[in-house]
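The next block holds one structure in the form of structure tokens; read it before the comments.
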Amino acid sequence: MEKRFKLSVEDVLEKQFNIDFKGYSSGEVDEFLDLVISDYQQYNKMIDELGAHLQEYERQINALRAKIVELEGKQGVVNSDHAVGNIDILKRLSRLENEVFRR
């Protein structure tokens, strides 16, 4: 994964601002806060992209689940057709055996 962010947690925790006679250097603080804001904007963009990907994957999963249900239903119909065919054959054999062995 490419490095999109300019700051790490350590950068934020260890940041030291130089103090001038009126307090912290406002230019330095502003530059740092601009980096923080930029990173938050990147975080938000990444979250939105990942959310969109997640929704697409969930849609694909639901479509595949529907397809599985459809295919299982078709398989059940095919299997029941074979079962009905086998029952008919067994009935015919039974009738033939009755006719043959009765004589």
Side-chain angles (χ1 to χ4, degrees):
M1 179 179 201
E2 71 179 81
K3 183 175 178 179
R4 294 183 178 184
F5 310 112
K6 297 171 188 76
L7 299 174
S8 67
V9 173
E10 292 80 22
D11 292 336
V12 174
L13 290 174
E14 296 173 5
K15 177 64 180 169
Q16 296 291 321
F17 294 105
N18 295 325
I19 300 174
D20 61 14
F21 70 97
K22 292 182 182 178
Y24 293 112
S25 168
S26 62
E28 191 175 345
V29 172
D30 286 342
E31 284 179 35
F32 185 75
L33 291 177
D34 288 343
L35 287 175
V36 172
I37 290 169
S38 173
D39 274 356
Y40 274 98
Q41 290 170 337
Q42 287 291 329
Y43 292 142
N44 287 334
K45 182 179 176 185
M46 181 185 288
I47 289 169
D48 291 341
E49 289 172 1
L50 293 173
H53 289 297
L54 179 62
Q55 288 177 348
E56 175 62 21
Y57 294 141
E58 287 175 343
R59 186 194 62 74
Q60 289 177 2
I61 287 169
N62 290 333
L64 291 171
R65 283 184 179 152
K67 186 70 171 178
I68 288 171
V69 168
E70 176 187 337
L71 292 173
E72 285 176 343
K74 286 181 180 178
Q75 182 181 10
V77 169
V78 169
N79 287 341
S80 66
D81 288 346
H82 285 105
V84 169
N86 289 341
I87 291 172
D88 287 340
I89 291 172
L90 289 173
K91 285 180 182 178
R92 289 168 126 189
L93 279 174
S94 178
R95 278 184 277 172
L96 285 171
E97 286 176 348
N98 285 337
E99 290 296 322
V100 168
F101 292 119
R102 263 198 266 180
R103 294 184 184 185

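Basis for what follows: all heavy atoms, side chains included, without hydrogens, waters or symmetry-related copies.
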Residues pairing under salt bridge (charged side-chain N to carboxylate O under 4.0 Å, His left out) where one sits in residues 30-48, two or more places apart or in two chains, turn out to be none

Glu58 meets the side chain to side chain contact (heavy atoms under 4.5 Å, CB included) criterion, sequence neighbours left out, with Leu54

With sequence neighbours left out, the residues meeting ring pair (Phe, Tyr, Trp, His ring centres under 6.0 Å) with Tyr43 are Phe5, Tyr40

Contacts of Glu56 meeting salt bridge (charged side-chain N to carboxylate O under 4.0 Å, His left out) (sequence neighbours excluded), chain-then-number -> Arg59

_I'd like to check Arg65 versus Val69 (side-chain heavy atoms, cut-off strictly below 4.5 Å). Are they in contact?_
no

